[in-house]
Every structure is written in structure tokens, then in C-alpha cells.
Student: 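Before I ask anything, here is the structure I am working with.
Residue numbers count from 1 along this sequence.
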Amino acid sequence: MAEAEAQVVAVAEGEGETSESNVPESGPVSSQVHGLCKDMFEKTTEYLQGELLSTSEEYLLLEKLNKMTTAKYSDMSSLSKDLTVMMDGLNEKYRNLQPYLDQIDQLDTSVSVLEQSAYQLDSYSKKLEVKLRQLDRR
């Protein structure tokens, strides 16, 4: 970039050749062009440095985001592994309890049948009591 700036300054000062023809040097205009060229290069340099700084900061931000995402996924992976271990333990406990749960279901069924039998027996005993009272009244 410095070489390009030197060439433009040389052309502006009348030392280099242009693509058209040699530009005649005129004192105040040449120094004015030289000043404008220098100002243009300084501002272009500032602009490009700003662009590069902005791009660099964006890459740093992306790097931070990637690191945070990696950490978050690592935490989630660890949590899911822990949950898997816990679920395996719970499934094992459930399998161990299953025979007892089956017995409880059978017991519940038996109690329901027994309850129905008790209701039937109660109903039958009430009928017998009514018949007995009828026989006693005679």
C-alpha cells in the first residue's frame, strides 16, 4: 500500500508518468493534489483499519459464542448421561418391584371378589332375617 501511495504522490508531483501524458507541474495545484492524496490515503487507511478491527471483533465474538455453546452442550451431555444412569437405576428398581406389584394387583382383585361375596352374604342374611321374623310372628 505504501508503494501505491508513493506512486500517486510521484504522479501528483509530476515525477512519474501517467497513462495519458506527462501532467505539467504547477506549484500550488501540485501541493494541493499532494495534500488531498495524502488525506485520501490516511482516511482510506483509517477506514480499512476500522473494517479489519470490526471483522476481528466479530470473529472474537463468534469464538466466544462457540466456546459458550461448546460448554453448554458439554453440560447438557453430562446431564443427559446422569439422567440415563438414573433412569437405568429406576428401571432396575421397577423390574425388582414388579413381582410385588403383580401380587398387589392380585390381592386387589381378590379383595374385590371378597367384597362382592360379603355384599351377597349380607343381602342373603338380611333375607333370612326377614323370613325368620315372618316365621316367628306366626
Student: Do the non-hydrogen side-chain atoms of T44 and M40 ever get within less than 4.5 Å of each other?
Tutor: yes
Student: Which atom names give the shortest non-hydrogen contact between P99 and N96, and what distance separates them?
Tutor: CD-O, 3.4 Å
Student: To the closest 0.5 Å, what do you measure between CG (L61) and OG (S56)?
Tutor: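 Nearest 0.5 Å value for the CG-OG distance: 11.0 Å.
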Student: Taking E129 first and then K126, would you say they form a salt bridge - that is, a charged N and a carboxylate O separated by under 4.0 Å?
Tutor: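 Here E129 does not pair with K126 in a salt bridge, since their nearest N and O are not under 4.0 Å apart.
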Student: If I take atom OH from residue Y73 and atom OG1 from residue T69, how far apart are they, to the nearest 0.5 angstrom?
Tutor: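 Between atom OH of Y73 and atom OG1 of T69 there are 7.0 Å.
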Student: Hey, could you give me the CZ/CG distance between R137 and L135, rounded to the nearest 0.5 Å?
Tutor: 11.0 Å
Student: Donor-acceptor pair, S117 side chain versus V113 backbone, under 3.5 Å?
Tutor: yes
Student: Nearest 0.5 Å, please: how far is CD in Q103 from CG in L97?
Tutor: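 The CD atom of Q103 is 11.5 Å from CG of L97, to the nearest 0.5 Å.
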Student: Spell out, as yes or no, whether a donor-acceptor pair under 3.5 Å connects the side chain of S125 to the backbone of L121.
Tutor: yes
Student: Taking salt bridge (charged side-chain N to carboxylate O under 4.0 Å, His left out) as the definition, give me every residue that meets it alongside D39, ordered by chain and number, with sequence neighbours left out.
Tutor: K43
Student: State, yes or no, whether a side-chain contact exists between K72 and M68 at a heavy-atom distance under 4.5 Å.
Tutor: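 Not touching, per the 4.5 Å side-chain cut-off.
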Student: Is the shortest heavy-atom distance from the side chain of T55 to the side chain of Y59 under 4.5 Å?
Tutor: yes
Student: Any sub-3.5 Å donor-acceptor pair from T109's side-chain atoms to D105's backbone N or O?
Tutor: yes
Student: Would you confirm whether S78, through its side chain, and S74, through its main-chain N or O, come within 3.5 Å as a donor-acceptor pair?
Tutor: no
Student: To which residues is L83 joined in a hydrophobic cluster, defined by side-chain heavy-atom contacts under 4.5 Å among Ile, Leu, Val, Met, Phe, Trp and Tyr, whether direct or through other members?
Tutor: L79
Student: Would you say the side-chain atoms of T70 pair up with the backbone N or O of N66, donor to acceptor, closer than 3.5 Å?
Tutor: yes
Student: To the nearest 0.5 Å, tell me how far R95 CZ sits from L90 CG.
Tutor: 10.5 Å
Student: Please examine the side chains of D102 and Q98, heavy atoms only from C-beta on, and report whether any two atoms are closer than 4.5 Å.
Tutor: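 Of all side-chain heavy-atom pairs linking D102 with Q98, at least one is under 4.5 Å.
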Student: Can you list everything that forms a side chain to side chain donor-acceptor pair (under 3.5 Å) with E58? Sequence neighbours excluded, please.
Tutor: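 None.
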Student: Taking atom CZ of R133 as the centre, report whether more than 12 heavy atoms of other residues, nucleotides or ligands fall under 6.0 Å from it.
Tutor: no
